Amino acid sequence: MVKKKTKVLSLLATASLAMGLLAGCGGGQTASSGEGGGTVIKIATQSPLSGGSATLGEAIKLGAQLSLEDQQAKFKDLGFELQLVPYDDQGDPKKGVANAQLIGSDTGILAVVGHLNSGVAIPSSETYEKYAIPMVSPANTATEVTDRGLKTTNRIVARDDFQGPAAADFAVNTLNAKKIFIVQDKTAYGTGLADAFKGAAEKLGAEIVGYEGITVGEKDFNGVLNQVLSKSPDLVYFGGLYSEGGLLIKQGREKGLEIPFMGGDGLDSSTLVEIAGEAVKNTYITSVAGDTFATETGKKFAEDYKAKFNKEVESYSAYGYDSMGVVLKGIEDAIKANDGKLPSREQVRDAVRAVSEFQGAVTKVTFDDKGDNDYAQIFIYKFDEVAYPPKQESVVSK
């Protein structure tokens with residue numbers, strides 16, 4: 001009798017678990033009430049909050065948080081309570097995908113702001129697509145992010161096939177670089193950006209005298225720098241992030257390389273200056289992030305950010321803010337189109353893609369049919385001194 005009862009209970013528990021898992025995989029939303037009585041709407045962020053890229057990853061999360069808090073009162077009037085759910089993807093594709101599965105199974109989450117790293121965003125966005133969860137990226141530049149035609153994947157910044165050629169044009173035609181040595185970090189971002197730069201530089205008549213890969217986390221760049229010295233280039237171009245880029249620049253200067261170093265938006269961080277120190281001078285970067293202080297709305301954002309978090313803004317702080325602004329505009333539009341009721345993920349997904357002429361703190365956003373921003377720009381900066389942010393040299397528009 002005991003055995004039969006145990007078996008029946010076991011079967012009931014298994015059936016209950018299966019039903020719960022199936023419910024978590026469905027596209028329908030489960031409404032829950034917050035402390036204020038409104039229906040809860042959760043927005044997730046995914047960015048590295050630990051590890052070598054945490055400076056920029058935290059900036060994205062904090063910018064998104066400030067935007068969400070700025071709009072909590074508006075959504076409360078609509079009958080909804082906004083909640084931020086931050087995830088640390090550690091800059092690791094496997095961790096990003098694991099987090100994406102958790103996000104997908106939490107039916108209260110209607111959208112994601114993230115990622116920092118294209119190599120994390122690409123596989124994670126496949127999971128978002130499965131769950132119909134829209135993603136708005138404040139930082140991803142790899143062409144593959146949007147070229148796959150996913151309905152859920154959007155970004156507010158420029159692509160590598162825009163950033164790379166803009167950097168090449170500046171290197172060849174403004175800095176007069178004829179011989180260029182390229183170093184890249186073997187990631188989707190670093191390789192994609194380096195390849196886009198290489199192709200454009202060669203078309204402009206520059207000679208690529210070296211193309212070498214380093215490993216993320218590497219600390220000693222003597223080997224690759226010895227190769228650079230042997231080729232006597234006019235410029236070193238680096239495709240990668242500030243954690244490795246800062247050391248590469250510093251060690252290069254110690255070896256007597258006084259030529260310009262150049263890199264992409266992955267170097268656009270105050271931590272680059274901390275790592276490279278005096279060596280950062282005569283370094284140029286292209287960035288998909290504009291100068292936050294260039295507009296009155298950007299200045300106000302920076303003031304609010306400092307007052308809230310007691311931190312200075314980083315390159316992607318305001319882009320995290322504007323990405324969340326786009327997400328919330330899509331959700332608000334979906335609520336109104338749904339007669340004031342909680343919309344489905346599919347409704348939010350479509351409303352986010354339909355966002356047009358949205359004016360954020362630092363950028364304007366209209367998505368094309370792939371999820372790229374029609375108003376994305378490239379900004380070129382130079383480090384003249386040991387200070388952040390660097391001096392803006394020029395702006396390139398589409």
Side-chain angles (χ1 to χ4, degrees), residues 29 31-36 38-47 59-87 103 106-115 125 128 131-140 151-157 292 297-298 300-301 304-305 308-309 316-367 371 373 375:
Q29 303 312 110
S32 61
S33 296
E35 293 179 3
T39 300
V40 173
I41 292 177
K42 300 178 185 177
I43 315 296
T45 59
Q46 269 238 70
S47 60
I60 288 171
K61 180 254 180 184
L62 294 180
Q65 178 181 333
L66 186 58
S67 178
L68 182 141
E69 291 178 359
D70 283 349
Q71 296 200 46
Q72 280 179 327
K74 178 205 286 188
F75 275 83
K76 186 176 181 181
D77 290 341
L78 294 172
F80 298 93
E81 180 181 320
L82 296 178
Q83 289 184 4
L84 185 74
V85 187
Y87 284 83
I103 290 168
D106 184 345
T107 57
I109 297 177
L110 294 188
V112 178
V113 172
H115 297 246
S125 60
Y128 303 144
Y131 286 99
I133 304 172
M135 174 191 104
V136 177
S137 172
N140 298 141
K151 294 180 180 179
T152 53
T153 303
N154 313 276
R155 59 172 146 208
I156 67 171
V157 292
T292 304
T297 54
K300 183 182 184 306
F301 163 76
D304 293 345
Y305 188 94
K308 174 70 177 179
F309 305 115
Y316 289 119
S317 301
Y319 286 78
Y321 183 91
D322 284 353
S323 291
M324 178 63 81
V326 169
V327 162
L328 294 177
K329 178 65 167 67
I331 292 175
E332 182 183 0
D333 289 347
I335 289 170
K336 290 176 179 178
N338 200 38
D339 297 324
K341 299 189 293 292
L342 180 70
S344 68
R345 285 172 170 172
E346 289 82 1
Q347 288 172 315
V348 174
R349 174 198 66 195
D350 296 343
V352 168
R353 178 61 61 83
V355 166
S356 178
E357 303 299 308
F358 172 86
Q359 183 59 60
V362 293
T363 191
K364 197 172 184 178
V365 179
T366 293
F367 291 126
N373 182 13
Y375 293 102

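This one's a predicted model, so the numbers in the text were calculated from it and none came from an experiment.
Once rounded to the nearest 0.5 Å, the distance linking OG1 of Thr39 with CD of Glu81 reads 9.5 Å. Interatomic distance, CD of Gln71 versus CD of Glu332, reported as 7.0 Å (0.5 Å rounding).
By the 4.5 Å heavy-atom criterion applied to side chains, Asn154 and Val326 are not counted as neighbours. No side-chain heavy atom of Gln46 sits less than 4.5 Å from a side-chain heavy atom of Met135. In this structure, the side chains of Tyr375 and Glu357 come closer than 4.5 Å at one or more pairs of heavy atoms. By the 4.5 Å heavy-atom criterion applied to side chains, Leu84 and Met324 are counted as neighbours. For the pair Ile60 and Thr45, the minimum side-chain heavy-atom distance is 4.5 Å or more. Counting only heavy atoms from C-beta outward, the side chains of Phe75 and Ile335 approach each other to under 4.5 Å.
The nearest pair of heavy atoms linking Ala59 to Tyr305 is CA-OH, 3.6 Å. What you find for Phe80 and Lys341 is that their closest heavy atoms are CZ-C, 3.9 Å. The two atoms that bring Val40 and Lys42 nearest to each other are CG1-CG, 3.9 Å, heavy atoms only. Pairing each heavy atom of Val113 with each of Ser323, the nearest pair is CG1-CB, 3.9 Å. Of all heavy-atom pairs spanning Pro343 and Asn338, the tightest one is CA-ND2, 3.7 Å.
With hydrogens and angles ignored, the 3.5 Å screen pairs no side-chain donor or acceptor of Asp322 with any backbone N or O of Pro138. A distance-only check finds a donor-acceptor pair linking the side chain of Gln72 to the backbone of Leu82 [under 3.5 Å]. Side-chain N or O atoms of Thr297 include one that pairs as donor or acceptor with a backbone N or O of Ala361 at under 3.5 Å. A donor-acceptor pair under 3.5 Å links the side-chain atoms of Asn373 to the main chain of Lys364, judged by distance alone. Of the possible polar contacts, one joining the Arg353 side chain to the Thr153 backbone as a donor-acceptor pair under 3.5 Å is found. No side-chain donor-acceptor contact under 3.5 Å links Arg345 to the backbone of Ala132.
In this model, a donor atom of one side chain and an acceptor atom of the other lie less than 3.5 Å apart for Lys61 and Gln65. Donor-acceptor pairing under 3.5 Å is lacking for the side chains of Thr152 and Tyr128.
With sequence neighbours left out, the ring-ring contact (aromatic ring centres under 6.0 Å, His included) criterion links Phe367 to no other residue.
Each of Leu110, Leu328, Val136, Asp333 was compared with Val352 under the side chain to side chain contact (heavy atoms under 4.5 Å, CB included) criterion, and only Val136 meets it.
Pairs of residues two or more places apart, or lying in two chains, that qualify as ring-ring contact (aromatic ring centres under 6.0 Å, His included) and include a residue from residues 317-339 are Phe301-Tyr321.
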Mind running side chain to side chain contact (heavy atoms under 4.5 Å, CB included) on Ile331 and Val327 for me, showing each step along the way?
-> CA-CA 6 Å; Ile331 292 175; Val327 162; 3.9 Å; yes
CA sep, side-chain torsions, deciding dist, call: Phe309, Leu66, side chain to side chain contact (heavy atoms under 4.5 Å, CB included) = CA-CA 9 Å; Phe309 305 115; Leu66 186 58; 4.2 Å; yes
